[in-house]
Structures are given as C-alpha cells and as structure tokens.
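Comments concern the structure below.
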Amino acid sequence: MTRQSYEEDGEYLALVEDILDHPVFRSMEQYIQHGTTTCREHCIQVSYLAYRICKERGWDCRAAARGGLLHDLFLYDWHAPVRVRGHRFHGFTHPAVAARNAEAYFSITRRERTVILRHMWPLTPIPPSTMAGMAVVWADKVCGLRETGATVRAIIAAVFGRRPAF
Ligand SMILES: [Fe+2]
Ligand SMILES: [Fe+2]
C-alpha cells in the first residue's frame, strides 16, 4: 500500500468531512493518545488506514472511515489520575463512552456504532461483526504501536545521542 495523505484524498474526505470539521471532533486535539500523538491525529490515522484496507478489498470503507474516526471519542485525558477522570478501567470502558458520544454529536449508522463498540477486541470479548470492524481493530493496533515506537525511539535518541536503527 503506497503512502498517501488523507488530506489529498477527495473520496475519503467526502465520507468524513462533517466529522473532521466538527468542533467536538477537533477538541480531541487537546488530549494525548500515545507518545506525542493527539487523540484527533490518532483517530484520523486509524480511520484512513482502515478505509484504505477496506477500499482495496471492496469492503465497507464508509463504515471503516467513520467508525475509525470516532472510535476513541471518549473526550477526556485517559492519562489523568482516576480521581480526576472519575472512573477506572479506561481500556474496557472507553468504547461504550465513545459510541455514546458519537451518537450524541454525529449521525452514525448501527454498523458504525458497532465498529466503535468493538474496536478494543480482543481486550473486550466480543469481536467485530464486519470486515470494516476488523480493519479498524487492525489499524488501531498498527497505529498504536507506531505511535508508541516513535516515543521509544525519541527517548533512546535523547539518552544516547543518536536514533536507534529500528
Ligand atoms: Fe480505543
Ligand atoms: Fe485507538
């Protein structure tokens, strides 16, 4: 798969621009997801990767694009102490919070809601029911590892004075 920017992909933008332009979606820029990547940026990367996987294979790329964009719409800083964010077990609970927020602020289909609800599989027990859902699960893991890896490389570079070869 060639590297391409989502901003230059008119077909993708047409499916998601109502979400990208929305102030609630934009507000995710204030929260860090992994390393130095914000929740907004993470959701865009997951959405676009899942979209392209589905598009290439003839799967539901609209559900992948929209579900992927909203999959982490939990709207709080998950690194904050439990007493600040008010609950434990973010890993297990945030898909339901994101699905609730997605329904409150956006027009989403049942299928897109299910993509959001099941994106943490296999940490949460019910697997995705569609290939779009599987693509978002995969894209989320790939992007998460990439984002965390970038931080590890930056720390190694700061400590040892040069960037590691991986
Ligand atoms: Fe998530
Ligand atoms: Fe995620």
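Atoms within each ligand, like the ligands themselves, are counted from 1 in listed order.
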Closest to the Fe ion (ligand 2), among the N/O/S atoms of H42, is atom NE2
Restricting to N, O or S atoms of H94, which is nearest to the Fe ion (ligand 1)?
NE2
For the Fe ion (ligand 2), what is the closest N, O or S atom on D140?
OD1
What N/O/S atom of D72 is the closest to the Fe ion (ligand 2)?
OD2
Please determine whether H71 has a backbone or side-chain N, O or S atom lying under 2.8 Å from the Fe ion (ligand 1).
no
Could you check whether R118 makes a cation-pi contact with W121, meaning its NZ or CZ is under 6.0 Å from the centre of the six-membered ring and within 45° of the ring axis?
no
When clusters are formed by joining ILVMFWY residues with side-chain heavy atoms under 4.5 Å apart, either directly or through shared neighbours, do L49 and L13 land in the same one?
no
As a test of understanding, state which of V46, D140, I116 forms a side-chain contact (heavy atoms from CB on, under 4.5 Å) with D72.
D140
What's the spacing between C43 SG and Y31 OH if we round to 0.5 Å?
12.5 Å
With Y51, which of L15, L69, V136, V16 fulfils side-chain contact (heavy atoms from CB on, under 4.5 Å)?
L15
